[in-house]
Amino acid sequence: QGGHQTDYGHLCQAGKGERMSKYSPLWDYIKNRGESPVTLTFGEIAGIAGVPIDHSFLRYKKELLEYGWQVKKISMKEETVLFFREETEA
């Protein structure tokens, strides 16, 4: 009864069609920006997402497609990421 409890709550937090990830605050920020393209520094991304950008970003960036955006370019030299809104027919 007592001490054997595994916390899987973080896996079930999102509703239908919504997936929570460590970069969800960043995806929401970009989606709500409006203009495209958007360039953010690694520092700005860390401030918005609450976590520093790391190698897992390459895997997580696919989630952005669900928001109608994509990562166009990651510059390690300039420490920036270029985000671009996908053009869709309304």
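From a predicted model like this one, the values you see are computed outputs, not experimental measurements.
In this structure, the side chains of E86 and S36 stay at 4.5 Å or more apart for every pair of heavy atoms. A heavy-atom distance below 4.5 Å is found between the side chains of Y67 and D28. Annotation: side chain of Y23 is in contact with side chain of V51 (closest heavy-atom distance under 4.5 Å). I53 is not listed as a side-chain neighbour of I74, based on a closest heavy-atom distance of 4.5 Å or more. A 4.5 Å side-chain heavy-atom check between L65 and Q70 finds at least one atom pair inside the cut-off. At a threshold of 4.5 Å between non-hydrogen side-chain atoms, the residues V71 and L82 do not count as touching. Inter-residue side-chain proximity for T39 and V81 is flagged as unmet; no heavy-atom pair is nearer than 4.5 Å.
In terms of heavy atoms, P25 sits closest to I48 at CB-O, 3.6 Å. Closest heavy-atom contact between S24 and S21: OG-N, 2.8 Å. Pairing each heavy atom of P52 with each of A46, the nearest pair is CA-CB, 3.8 Å.
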Test side-chain contact (heavy atoms from CB on, under 4.5 Å) on F83 and I45; report intermediate values, then the result. CA-CA 12 Å; F83 301 93; I45 290 170; 4.1 Å; yes
Verdict with supporting geometry, L40 and V38, side-chain contact (heavy atoms from CB on, under 4.5 Å):
CA-CA 7 Å; L40 296 174; V38 174; 4.0 Å; yes
Worksheet entry | Derivation of the side-chain contact (heavy atoms from CB on, under 4.5 Å) call for W27 and W69 | CA-CA 9 Å; W27 308 153; W69 287 75; over 6 Å; no
CA sep, side-chain torsions, deciding dist, call: D54, R59, salt bridge (Lys or Arg N to Asp or Glu O under 4.0 Å)
CA-CA 10 Å; D54 58 22; R59 190 171 56 245; over 6 Å; no
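At most 12 heavy atoms of other shown residues, nucleotides or ligands fall within 6.0 angstrom of atom NZ in K73.
By the rule that hydrophobic residues join a cluster once side-chain heavy atoms approach within less than 4.5 Å of another member, F84 and Y60 end up as members of separate clusters.
Between the side chain of E79 and the main chain of M76, no donor-acceptor pair closer than 3.5 Å is present.
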